[in-house]
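A note on names: the letters A, B, ... follow the listed sequences, proteins ahead of strands, and every chain is numbered from 1.
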Amino acid sequence: MTENLGYNPDDADSIVEYARKLVGHSLREVLDIKVIQSPKQRRGSWGNAVEEYYFKYDLNSDSNPDFAQVGMELKTTPLKESTQGKFAAKERLVLTMINYMDVVREDFEHSHLLQKANDVLLISYLWRSDEDPLDYKVLVADRWHIPSEDIPQIKKDWETVVQKVREGRAHEISGSDTMYLEACTKAADSTVRRPQPFSDIPAKPRAWALKASYMTAVQSGLLEKMQHIQRAAGEKDLDLLALVRNRFEPFFGLTEEELARQFGMGRSKNLCARITRGILGVEDDAKIEEFEKAGIKPKTIRLQANGRPKEAMSFPAFDYFQVAEQPFEDSDFYGYLQQKYLFVLYREDSDGAYRLSDVCFWQMPDNDMEEAERCYLQMQNNIRTGHADVSVRSTENRCCHVRPHGQNSQDTNPTPHNGDVVKKCFWFNQGYLQDEIAKALG
DNA sequence: GCATGATCATGC
DNA sequence: GCATGATCATGC
């Protein structure tokens, strides 16, 4: 034990034991400091304070491990508490910068990323918007590494990203390309660009990160009932989409009623999610661990014989005051647009019955975000100028529109300038969904 | 036939 | 009681 440190930097167990003493406490309680920089001014300042004042080592931005003697990385990550009292990761967990020039020469098993995620000391704290960071409570401090059952999907994610760099398309990388691991943008400002090896087009700097949905699942895995999709011998190396398709295929051609009967389910509102659990062999009252980690929501879409979805897709009703005030990037709508879906597709047959015909994963492409923003800003302008009753029509926007979504026309929300107006929400256009589904099915 | 407005129904 | 997912109804 090194006296002035409080732990032995040559002994991983000693480091972890020392870290665990933080659990249940705030930095103010354990450190003799009065102020740290606000995370609003400098991201990661809470984590920096832990490194600097609790573990007392020099901040490094080089690529050596934080605890170099034992090869362990320290990662701190904020959790937020929902109104229902559940904890969720507030943000993705950034592991290490991607060097486009080097990464194309790596293979996954020996990648820089795996080295960084091989042995992690994970410290999670409860973030509160109205609290001094010094008072954030530490909830978890534990040693962690990527579990072996997640490796096939993470490898697939890694290769998806690296493949784009190898094809000279690093500038086209998107967080929506992948499931657990993502290449998230990371730069001081949005104008910074880095060179890539197989194209002259410079690309945004990106870092390897585990998605917020993945970190949420990691944190809550022990608390909530979650089940893996059990893999048969021949399915061990399948990525998530391949596995899900494999399981759904034998049921193609059945109607929703036939499927419900097969799994002994009555008519119920969340039938899609329940049938999905049934087909994937997960108990009815459990969550699908893989879907939690990837943040995937199953959604039924009924396609008419001509391929057009029968209905548009709705989001929760919005608050007129919030839309009036919030910039697009801070809005709830923006958050909903980051959602990944498993579309469970039923297609109308010649006899008029809707039969299970396909499944695909989908997330709104980054390129369409601008069009969605245009819809948001147009509605925002309507509300601000005293026309909250005027919606954005589906003919006015390629991707989405605004429509009522309440109990009935008496079901209203207050507005800044028009009194009470019927509850409304944003919707994905049917035509847009049709195009996107066609693309997703190839 | 489609866009838009309106409403139903389940489950928390 | 209300949010949310799903669907119906009307009028252009």
Residue mapping more 5' on DNA chain C - nearest nucleotide basis, A/Ala312 or A/Tyr336: A/Tyr336

A/Gln407 or A/Cys272, whichever maps to the more 5' nucleotide of DNA chain C: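 Final value for this comparison: A/Gln407.
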
In this structure, how many angstroms lie between the [atom2] atom of [N] and the [atom1] atom of [X], rounded?
{"X": "A/Asp319", "N": "C/dA3", "atom1": "CG", "atom2": "P", "answer": "11 Å"}
{"X": "A/Lys310", "N": "C/dC8", "atom1": "NZ", "atom2": "C1'", "answer": "9 Å"}
{"X": "A/Asn429", "N": "B/dC2", "atom1": "CG", "atom2": "P", "answer": "14 Å"}
{"X": "A/Arg302", "N": "C/dG5", "atom1": "CZ", "atom2": "P", "answer": "14 Å"}
{"X": "A/Asp284", "N": "B/dG11", "atom1": "CG", "atom2": "P", "answer": "11 Å"}
{"X": "A/Asp285", "N": "B/dC12", "atom1": "CG", "atom2": "C1'", "answer": "16 Å"}
{"X": "A/Glu311", "N": "B/dA9", "atom1": "CD", "atom2": "C1'", "answer": "15 Å"}
{"X": "A/Ile301", "N": "C/dG5", "atom1": "CD1", "atom2": "P", "answer": "13 Å"}

Answer yes or no: does a side-chain N or O of [X] lie under 4.0 Å from OP1 or OP2 of [N]?
{"X": "A/Ser391", "N": "B/dA3", "result": "no"}
{"X": "A/Lys423", "N": "C/dA3", "result": "yes"}
{"X": "A/Ser314", "N": "C/dA6", "result": "no"}
{"X": "A/Arg308", "N": "B/dA3", "result": "yes"}
{"X": "A/Arg403", "N": "B/dT4", "result": "no"}

Close aromatic pair by centroid cut-off 6.0 Å: A/Tyr334 and A/Tyr376: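 Ring-ring flag for A/Tyr334/A/Tyr376: false, centres at least 6.0 Å apart.
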
Ring-ring centroid check A/His112 A/Trp208, cutoff 6.0 Å: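 No - the distance between ring centres of A/His112 and A/Trp208 does not fall below the 6.0 Å cut-off.
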
Side chain of [X] (C-beta onward), nearest among [options]:
{"X": "A/Thr300", "options": "C/dT7, C/dA6, C/dG5", "answer": "C/dA6"}
{"X": "A/Asn270", "options": "C/dG5, B/dG11, B/dA3", "answer": "B/dG11"}
{"X": "A/Ser394", "options": "B/dT7, B/dA3, C/dT7", "answer": "B/dA3"}

Parallel, tilted or perpendicular: rings of A/Phe315 and A/Phe428 (30°, 60°): perpendicular

Touch class at under 4.0 angstrom, heavy-atom based, for A/Lys424 against every strand present: nothing

Polar side-chain contact A/Glu396-B/dA3 base: donor and acceptor under 3.5 Å: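 Looking at the base of B/dA3, it does not pair with any donor or acceptor on the side chain of A/Glu396 (distance under 3.5 Å).
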
Quiz item: A/His405 side-chain donor-acceptor pair to C/dG5 base, under 3.5 Å: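 Such a pair is found, so the answer is yes.
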
Please answer whether the main-chain N or O of [Y] pairs with a side-chain N or O of [X] as donor and acceptor at a distance below 3.5 Å.
{"X": "A/Asn429", "Y": "A/Asn397", "answer": "yes"}
{"X": "A/Lys424", "Y": "A/Ala388", "answer": "yes"}
{"X": "A/Gln153", "Y": "A/Leu240", "answer": "yes"}

Of A/Arg393 and A/Ser409, the one whose closest DNA chain B nucleotide lies more 5':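 Of the two residues, A/Arg393 wins.
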
5'-most by nearest nucleotide on DNA chain B - A/Val392 or A/Gln410: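 The residue mapped nearer the 5' terminus is A/Val392.
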
